[in-house]
Amino acid sequence: QVQLVESGGGLVQAGGSLRLSCAASGDTFSDYAMGWFRQAPGKEREFVAAISWSGHSTYYRDSVKGRFTISRDNAKNTVYLQMNSLKPQDTAVYYCAADRRQLLRSPEYKYWGQGTQVTVSS
């Protein structure tokens with residue numbers, strides 16, 4: 001069983017930055033590939049970024065490439081999402097997810113956090 005707790009969300013102006021963190025506990029963190037997803041009001045949850053077990057491979061949805069960076073610190077059991085040049089359309093609840101499989105953009109991750117709200121004002 002893996003527990004995931006996100007933090008770092010908030011209100012920011014367009015063009016600003018936020019760094020989300022997701023702290024994992026309950027199992028060996030380096031055994032899990034990690035992903036970030038988001039869900040805006042009235043919309044389906046969508047893939048944002050994913051990272052491999054070691055952190056050597058990363059993947060992004062097209063709309064965040066060049067603006068967002070996913071990373072992980074296996075010594076701290078934490079995955080991060082650095083978000084720069086934020087846009088109002090990035091407003092959503094952001095969730096981290098974990099699975100032993102490298103699922104990339106698939107929503108079939110086994111473990112999910114509770115989410116953290118990101119609001120970008122224009």
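Everything numeric here is computed off the predicted structure, so don't read it as measured data. Heavy-atom basis, side chains included; hydrogens, waters and symmetry copies ignored.
- Atoms CG and CG, on Leu11 and Leu18 in that order, are 9.0 Å from each other to the nearest 0.5 Å.
- Considering all non-hydrogen atoms of both residues, Leu86 and Arg67 come closest at CA-NH1, 3.9 Å.
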Name each donor-acceptor pair under 3.5 Å that joins a side chain in residues 34-43 to protein atoms two or more places apart or in another chain, with its distance.
| from | atom 1 | to | atom 2 | distance (Å) |
| --- | --- | --- | --- | --- |
| Trp36 | NE1 | Tyr80 | O | 3.4 |
| Arg38 | NE | Glu46 | OE2 | 2.7 |
| Arg38 | NH1 | Asp90 | OD1 | 3.0 |
| Arg38 | NH1 | Tyr94 | OH | 3.0 |
| Arg38 | NH2 | Glu46 | OE2 | 3.1 |
| Gln39 | NE2 | Lys43 | O | 3.1 |

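- Under the rule for a salt bridge (Lys or Arg N to Asp or Glu O under 4.0 Å), Lys110 has no partner lying at least two apart in sequence or in another chain.
- Rounding to the nearest 0.5 angstrom, the gap separating the CD1 atom in Ile51 from the CG atom in Leu104 is 11.5 Å.
- Residue pairs meeting the disulfide (SG to SG under 2.5 Å) criterion with at least one member in residues 54-122, sequence neighbours excluded, are Cys22-Cys96.
- Of the inter-residue distances, the one linking Tyr32 atom OH with Asn77 atom CG reads 11.5 Å to the nearest 0.5 angstrom.
- Applying the disulfide (SG to SG under 2.5 Å) test to every pair with at least one member in residues 28-65, sequence neighbours left out, gives no pairs at all.
- For residues 5-20, every residue pair satisfying the side chain to side chain donor-acceptor pair (under 3.5 Å) rule, not counting sequence neighbours, is listed here: Glu6-Gln114, Ser17-Asn84.
- For residues 47-57, the side chain to side chain donor-acceptor pair (under 3.5 Å) pairs, not counting sequence neighbours, are Ser54-His56.
- To the nearest 0.5 Å, atoms CG (Leu20) and CE (Met83) are separated by 3.5 Å.
- The closest side-chain heavy-atom distance from Val64 to Phe47 is not below 4.5 Å.
- Ser21 and Thr78 get closest at one heavy-atom pair: CB-CG2, 4.2 Å.
- Across all their heavy atoms, Tyr60 and Phe68 have their closest contact at CE2-O, 3.3 Å.
- No side-chain heavy atom of Leu81 sits under 4.5 Å from any side-chain heavy atom of Thr69.
- A heavy-atom distance below 4.5 Å is not found between the side chains of Arg101 and Tyr109.
- Of all heavy-atom pairs between Tyr95 and Gly113, the closest is CD2-O, 3.6 Å.
- Between the CD atom of Gln89 and the OG atom of Ser63 there is a distance of 8.0 Å, given to the nearest 0.5 Å.
- To the nearest 0.5 Å, atoms OG1 (Thr58) and NZ (Lys65) are separated by 10.0 Å.
- Looking at Arg105, its side chain never comes within 3.5 Å of a backbone N or O of Ala50 through a donor-acceptor pair.
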